[in-house]
Amino acid sequence: MARPFRFGVNLLTLESAEAWRAKCRHAEQLGYDVLLTPDHLGNPAPFPALATAAEATERPRLGTFVLNAGFWNPALLAREVATCDALTNGRLELGLGAGYVKAEHDSAGLPFGSPRERVDHLVHTVAELQRLLTDSEHRPRPVQSPRPPLLLGGNGDRLLRLAARHADIAAFTGAVQAPGKPQGALELISPEALEERVGAFRRFAAEAGRAEGADEPGEAIELNYLIQMAGPSADRRAKVRELSGYAPGLTEDQMLEHPALLLGDAKEMAEQLRAHRKRFGFSYFTVLEHNMEALAPVIEELHGS
């Protein structure tokens with residue numbers, strides 16, 4: 001049995017308190033399962049935004065997508081997570097990543113470090129959160145037991161191994177640092193390379209003993225992918241030609257197969273997501289706020305499947 005689809009929207013802008021509440025209620029009405037906030041300078045602060053979203057809605061879960069571990073001290077983060085889980089009545093999902101935008105670290109006066117150092121800090125953060133949030137003496141206490149669900153996002157082996165050992169949800173970026181561009185500028189990898197990354201994750205999950213009861217190694221862990229563009233398109237090939245600058249090494253056919261792009265009418269987009277679930281194992285898809293309306297008819301098309 002394939003895991004049922006789940007859909008999240010990453011909400012990026014805050015105009016006013018009432019506008020934020022209205023946007024969250026609208027996302028709930030459109031059928032989104034998870035309301036998410038990123039952790040970039042210039043976007044709303046994640047935890048107060050999620051607590052407010054919980055007050056305005058009833059059904060969706062609330063998540064970070066994803067926190068930049070380099071911005072956070074683990075003990076202080078554990079306090080934020082436990083508080084937010086309590087204020088959302090146990091609806092929190094915690095997403096964490098190693099961080100990739102150097103300019104934000106510079107603006108905040110925080111060290112950026114090497115990729116290895118950033119992943120080291122994420123590994124330490126995950127271990128400390130696990131220790132603190134599952135400690136019955138820790139105050140405040142989260143509502144969910146043993147802790148809120150953990151999403152870990154990335155592409156490299158160390159991050160995928162970490163997700164295979166500890167995550168409830170593994171989020172695949174499907175992108176790498178663009179050669180010769182500022183740190184944080186990404187470009188898409190091919191669908192074949194993405195498939196290889198999913199295969200590596202499944203091997204790591206099997207090695208970690210996380211595959212018991214699953215038909216395929218690693219399927220006990222939910223797999224997520226962030227759709228970069230979604231919307232109707234009468235000519236899908238013409239559209240991908242417009243977007244070729246984001247994936248200079250990919251052919252038109254590869255871009256049409258890529259889960260980062262979702263193009264066509266609602267039925268066509270639904271079929272694309274079914275194909276991605278079958279090929280890659282992705283069942284939890286996220287869109288950015290500007291694609292929220294475009295995905296809504298696809299959610300309706302795939303409801304319950």
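Bear in mind the structure is a predicted one, so any value in this text is a computation, not a measurement.
For Glu192 and Gln254, the side-chain atoms include at least one donor-acceptor pair closer than 3.5 Å. Defined by atom type and a distance below 3.5 Å, a donor-acceptor pair is present between the side-chain atoms of His26 and Glu293. A donor-acceptor contact closer than 3.5 angstrom is absent between the side chains of Ser244 and Glu242. Defined by atom type and a distance below 3.5 Å, a donor-acceptor pair is present between the side-chain atoms of Arg91 and Thr57. Remark: the Gln130 side chain and the His166 side chain contain no N/O donor-acceptor pair separated by less than 3.5 Å.
The environment of Glu300 atom CD is sparse: at most 12 non-hydrogen atoms of other residues, nucleotides or ligands sit within 6.0 angstrom. The environment of Arg116 atom CZ is sparse: at most 12 non-hydrogen atoms of other residues, nucleotides or ligands sit within 6.0 angstrom. Sparse packing is recorded around NE2 of His303, with 12 or fewer heavy atoms of other residues, nucleotides or ligands lying under 6.0 Å away. Around CD of Glu18, the count of heavy atoms belonging to other residues, nucleotides or ligands within 6.0 Å exceeds 12.
Aromatic ring orientation, His105 versus Phe112: perpendicular (interplanar angle above 60°, classes split at 30° and 60°). Using bins of under 30°, 30° to 60° and over 60° for the plane-to-plane angle, the ring pair Phe285/Phe5 lands in the tilted bin.
Residues Phe65 and Asn224 form a side-chain contact, since some pair of their non-hydrogen atoms from C-beta on lies under 4.5 Å apart. Taking 4.5 Å as the limit, every side-chain heavy atom of Thr173 sits out of range of all side-chain heavy atoms of Tyr100. Contact check for Arg61 versus Asp33: no side-chain heavy atoms found under the 4.5 Å cut-off. Side-chain atoms of Arg165 and Phe204, non-hydrogen and from C-beta on, never get closer than 4.5 Å to each other. Residues Val126 and Leu162 meet the side-chain proximity criterion, which asks for heavy atoms closer than 4.5 Å. Annotation: side chain of Arg79 is in contact with side chain of Thr83 (closest heavy-atom distance under 4.5 Å). Considering only heavy atoms from C-beta on, Phe47 stays 4.5 Å or farther from Thr88 through its side chain. Looking at Leu273 and Leu262, their side chains come closer than 4.5 Å, going by heavy atoms from C-beta outward.
Ion pairing between a basic and an acidic side chain is recognised when a charged N comes within 4.0 Å of a carboxylate O; Glu28 and Arg25 show no such pairing.
The backbone N or O of Val101 lies less than 3.5 Å from no partner atom in the side chain of Glu104, so there is not a single donor-acceptor pair. Of the possible polar contacts, none joining the Arg3 side chain to the Ser283 backbone as a donor-acceptor pair under 3.5 Å is found.
Tested against Leu94 for a side chain to side chain contact (heavy atoms under 4.5 Å, CB included), the candidates Leu67, Val66, Asp85 yield a single pass: Leu67.
By the 6.0 Å and 45° rule, Arg6 stacks over the aromatic ring of Tyr284.
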Open item on the list: Does Leu11 form a side chain to side chain contact (heavy atoms under 4.5 Å, CB included) with Lys23? I'd like the steps, not just the answer.
Closed with: CA-CA 9 Å; Leu11 301 175; Lys23 179 163 52 182; 4.2 Å; yes

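Under the 6.0 Å cut-off for aromatic ring centres, Phe172 and Phe280 do not qualify, their centroids lying 6.0 Å or more apart.
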